[in-house]
Amino acid sequence: MENKFAKRTHLVKSSETREILKVTERPEVISFAGGLPAPELFPIEALKDVCNAILNEEGADSLQYSTTEGYIPLREAICQRMKVIGINSTIENVLITSGSQQAIDLTGRLFIDEGDTIICESPTYLAAINAFKSYNAKFVEVAMDDNGMVMEELEKKLQEHPKTKFIYTIPDFQNPTGRTLTLERRKRMIELANQYDVLIIEDNPYGAIRFAGEEIPPVKHFDTEGRVIYLSTFSKIFTPGLRLGWICADKSFIDKYIAFKQTADLHTDSFAQRITAKYMELYDIEEHINKIREVYKERCTAMLFCIEEFFPKNLSYSKPEGGLFIWIELPEGIDSTHIFTECLKNNVACVPGVPFFPNGTQKNTLRLNYSNMSIEKIMEGMRRMGEVLHRELEREATLS
């Protein structure tokens with residue numbers, strides 16, 4: 001049969017991280033590869049009560065079709081949570097999505113024409129790269145340091161690409177690096193966006209999981225012209241399987257997002273929305289998030305200790321104050337894909353950094369996840385990784 005696929009299908013491929021996760025599912029493998037929340041922290045017992053309460057109180061309504069915008073009590077609860085971090089909004093500014101990944105994909109559909117330029121951090125979130133590539137976007141990468149995207153570099157790129165559609169940024173505990181954009185740089189990003197008339201897509205799945213350092217308001221807090229579109233999710237602070245995220249933006253943007261969402265799924269899972277809203281009504285979600293912070297802080301601290309204890313000294317790494325990830329930069333000339341293969345032989349897994357660079361520019365990097373393994377497994381897995389890194393870096397030094 002003749003190939004009937006649309007031309008854009010060649011732009012879409014399976015997520016490299018998802019493919020890696022298939023390889024690491026063997027029980028003997030200690031995996032630092034995924035970005036998985038700790039399942040033992042899911043509030044299962046509370047959710048049993050919540051589900052019963054919804055079915056008893058709302059019955060058939062909870063299983064019926066719903067509005068595209070989302071369940072009003074949930075949108076109200078989201079507005080209250082955002083107000084605490086410095087984003088003032090009403091439910092008219094909030095659209096519930098099927099995870100923040102749908103919010104990213106809808107953003108691509110809404111704003112990207114073929115060949116449009118978007119600016120992003122280098123590296124950046126792999127699933128956003130894949131989503132935006134499916135609309136044939138051109139990526140312009142901006143260098144990062146330990147304080148996030150470098151604003152001098154951002155201004156230079158905006159000057160070179162005056163028709164940029166938007167800046168895509170993950171300012172808090174960025175995926176994959178774990179870095180956080182400083183307060184001063186957030187303010188400067190807004191100034192540059194206003195000056196060069198460009199939108200900002202602020203993707204913030206991890207901001208609530210701060211376990212060290214000072215709280216910093218979102219980029220949207222400083223938005224004076226309604227040009228920041230804020231994306232977030234319940235996946236990291238509640239349960240990922242319910243697939244609940246949201247978009248917060250000026251109503252003119254939300255109206256367009258709603259129209260595009262209606263062509264995709266009509267509305268996000270009604271029952272999942274009610275579960276989350278009812279949980280926030282009956283239980284203290286901040287107390288639950290505090291438990292997550294405590295556990296992740298312990299695991300991050302253990303992994304950082306292991307890097308110092310077991311890894312070669314001629315590499316650098318991020319020191320996150322929250323989120324799920326640590327970023328490793330190996331010496332020049334080291335191919336992290338080879339390191340991944342060798343680590344897997346030692347029954348430990350990580351993610352090579354190459355796919356996180358939209359234009360495939362850097363091969364000597366690795367992403368490690370600390371949220372989904374116990375401290376005991378972190379210690380053992382990092383010891384195994386250390387053995388591989390010492391061997392491979394010594395081998396490379398000998399060859400050179």
Distance-only polar pair, side chains of [X] and [Y], donor-acceptor under 3.5 Å:
{"X": "Arg109", "Y": "Thr263", "result": "yes"}
{"X": "Tyr125", "Y": "Gln101", "result": "yes"}
{"X": "Thr97", "Y": "Gln102", "result": "no"}
{"X": "Ser98", "Y": "Thr268", "result": "yes"}
{"X": "Ser235", "Y": "Arg243", "result": "yes"}
{"X": "Thr68", "Y": "Gln262", "result": "yes"}

*Ionic contact status for Asp116 with Lys165, cut-off 4.0 Å*: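 A salt bridge is present here (some side-chain N lies under 4.0 Å from a carboxylate O).
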*So, Arg383 and Glu387, do they make that salt bridge, N to O below 4.0 Å?*
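Between Glu387 and Arg383 there is a salt bridge, with a charged N closer than 4.0 Å to a carboxylate O.
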In one Ile/Leu/Val/Met/Phe/Trp/Tyr side-chain cluster, 4.5 Å: [X], [Y]:
{"X": "Tyr230", "Y": "Phe234", "result": "yes"}
{"X": "Met189", "Y": "Ile216", "result": "yes"}
{"X": "Phe173", "Y": "Met303", "result": "yes"}

*asked:* Taking ring pair (Phe, Tyr, Trp, His ring centres under 6.0 Å) as the cut-off, I'd like each qualifying pair that reaches into residues 136-172, sequence neighbours left out, listed once.
replied: Phe132-Phe166, Phe132-Tyr168
*When the ring centroid of Tyr279 is compared with that of Phe238, is the distance short of 6.0 Å?*
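Yes, the ring of Tyr279 comes within the 6.0 Å limit of the ring of Phe238, centre to centre.
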_Check for me whether the distance between the ring centres of Phe253 and Phe111 falls short of 6.0 Å._
yes
*Are the side chain of Arg293 and the backbone of Phe211 linked by a donor-acceptor contact shorter than 3.5 Å?*
no
*Do side-chain atoms of Glu329 reach the backbone of Thr365 as a donor and acceptor pair under 3.5 angstrom?*
no
*Indicate the ring-plane relationship of Phe356 and Trp327, choosing parallel, tilted or perpendicular according to the 30° and 60° boundaries.*
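Ring orientation of Phe356 relative to Trp327: perpendicular.
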_I need the minimum non-hydrogen distance between Lys377 and Ile30, along with the two atoms involved._
O-CG2, 3.5 Å
_Cationic tip of Arg274 above Tyr71 ring, under 6.0 Å, 45° of axis_ = yes
*asked:* Whether Lys319 engages the ring of Tyr317 as a cation-pi pair (distance to the six-membered ring centre under 6.0 angstrom, angle to the ring normal within 45°) should be assessed.
replied: yes
